[in-house]
Amino acid sequence: MAEPMKIRATLQGDVADVRILMLHPMETGQRKDSKGQIIPMHFIQSVVVTHNGKTVLDTQWSQAVSRNPFLGLRVKGAKAGDRISVTWTDNKGDKRTDEVAVAAAS
Amino acid sequence: MPRKVGGIAAFALVCLVAGGVTPALAQSGDPLGVGRKMLAEDNPGELWVERGKTLFYQKRGPKNASLERCDFGMGPGQLAGAYAALPRYFQDTDAVQDLESRLVTCMVALQGYKRGDLAKTAMGNLDRMSDVEALVAFIASRSNGMKMNVPLSHQKEYDAYKAGEYIFYRRNGPTDFGCITCHGENGKRIRLQDLPNMTDRKQLQDVVTSWPAYLGTQSNLRTMQWRLKICYWQMRLPDLAYLSDISVAITSYLNYQGNGAVIGVPGVKR
């Protein structure tokens with residue numbers, strides 16, 4: 001069920017501006033469905049961003065993050081063509097990894 | 001004095017930046033323009049476009065077929081510029097159809113889905129994503145950068161346009177509302193939400209070139225069919241049936257007037 005992410009990485013000087021859009025329901029476990037049943041928690045627990053294989057961001061998320069989350073970060077020392085890879089794992093064990101190359105400044 | 005001049009220059013710059021994204025809503029000094037620009041740069045609607053692309057080429061439905069043989073007016077499977085010229089008359093159905101009606105026609109004819117089931121599930125919610133919304137987003141996005149070019153050459157296209165014009169100006173229902181009540185003057189609002197003046201060509205064009213759009217409050221991508229349905233609900237009129245002639249007529253009327261404006265979808269809205 002894991003849908004692809006939308007990742008943009010653009011170079012600004014020697015810093016890569018990385019913007020990530022993820023498609024995920026991010027259920028808090030508080031919401032009820034039309035029958036009044038509680039919808040179980042379903043959220044992204046960890047997001048790991050790597051730059052040429054080296055981890056630059058390792059986060060733990062909770063239900064407090066919105067549906068279809070957006071994450072932005074800046075990676076120092078990046079060059080055009082470098083690989084930026086993003087992996088998220090949710091509390092049901094679902095996983096998704098997507099990778100982009102850093103684009104030169106436009 | 002120099003400080004004041006600088007202030008005005010900075011102010012003008014903000015307007016310019018905001019104007020590039022949603023000119024209709026970027027009224028002078030609009031502080032929301034900055035936020036809108038940020039949203040537009042990373043539009044979650046793109047995720048629907050991606051999903052729609054996958055669904056379009058996938059073999060699906062009871063007949064296990066893809067939509068590649070669907071004719072949106074430019075020939076089977078030709079998507080580039082198709083949305084720019086919709087709604088239009090289609091010979092096989094002998095009717096004027098907007099993008100969503102045409103898509104449903106194809107999903108029924110090629111893939112074997114039931115029309116009634118599609119109508120029920122076409123508008124997604126928090127528990128269930130809609131395939132139709134994703135497909136509409138994908139197909140419409142294939143006309144990005146092109147100019148709206150809706151034809152009025154067939155008599156039925158003209159009839160739909162005139163019907164749409166009539167409905168747009170007609171006031172009805174328990175509150176005596178019509179489209180014109182909210183969309184006929186500049187500066188109208190529902191609570192804090194600015195309403196576009198659809199009798200102003202520029203504002204109207206900005207509307208028709210930015211639907212389908214991602215709506216933050218819905219956490220979902222929505223189509224013009226959804227927008228019209230909600231307008232009817234807000235006017236306390238009977239429910240606007242999905243893909244009804246009325247919805248197609250209004251879309252014809254609006255999109256035809258949008259001719260010449262450049263399409264950029266999905267839009268981002270509140």
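Below, read A as the first sequence line, B as the second, and so on, with proteins coming before strands; counting in each chain starts at 1.
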Student: Test of understanding: with side-chain contact (heavy atoms from CB on, under 4.5 Å), list the residues that count as partners of B:A82, not counting sequence neighbours.
Tutor: B:F72, B:M74
Student: Do you know the tightest heavy-atom contact between A:L21 and B:L47?
Tutor: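 In this case the closest contact between A:L21 and B:L47 is O-CD2, 4.1 Å.
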Student: Who passes side-chain hydrogen bond (donor to acceptor under 3.5 Å, both in side chains) against B:E68, sequence neighbours left out?
Tutor: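 B:E68 satisfies side-chain hydrogen bond (donor to acceptor under 3.5 Å, both in side chains) with B:S66 only.
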Student: Are more than 12 heavy atoms, taken from residues, nucleotides or ligands other than B:R69, located less than 6.0 Å from that residue's CZ atom?
Tutor: no
Student: Relative to chain B, which segment of A:I20 carries a heavy atom at a distance below 4.5 Å: side chain, backbone, both, or neither?
Tutor: neither
Student: Do B:E50 and A:L23 have side chains that get closer than 4.5 Å, going by heavy atoms?
Tutor: no
Student: Kindly check if the number of other-residue, nucleotide or ligand heavy atoms within 6.0 Å of CD (A:Q12) is above 12?
Tutor: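 For A:Q12, atom CD is crowded (more than 12 foreign heavy atoms under 6.0 Å).
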Student: Sub-4.5 Å heavy-atom contacts with chain B: which residues of residues 66-83 of chain A show up?
Tutor: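 Within residues 66-83 of chain A, near chain B: A:R67, A:N68, A:F70.
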Student: Please output the residues of residues 213-222 of chain B in contact with chain A, using a heavy-atom cutoff of under 4.5 Å, in numerical order.
Tutor: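 At a heavy-atom separation under 4.5 Å, chain A is reached by B:Y214, B:S219.
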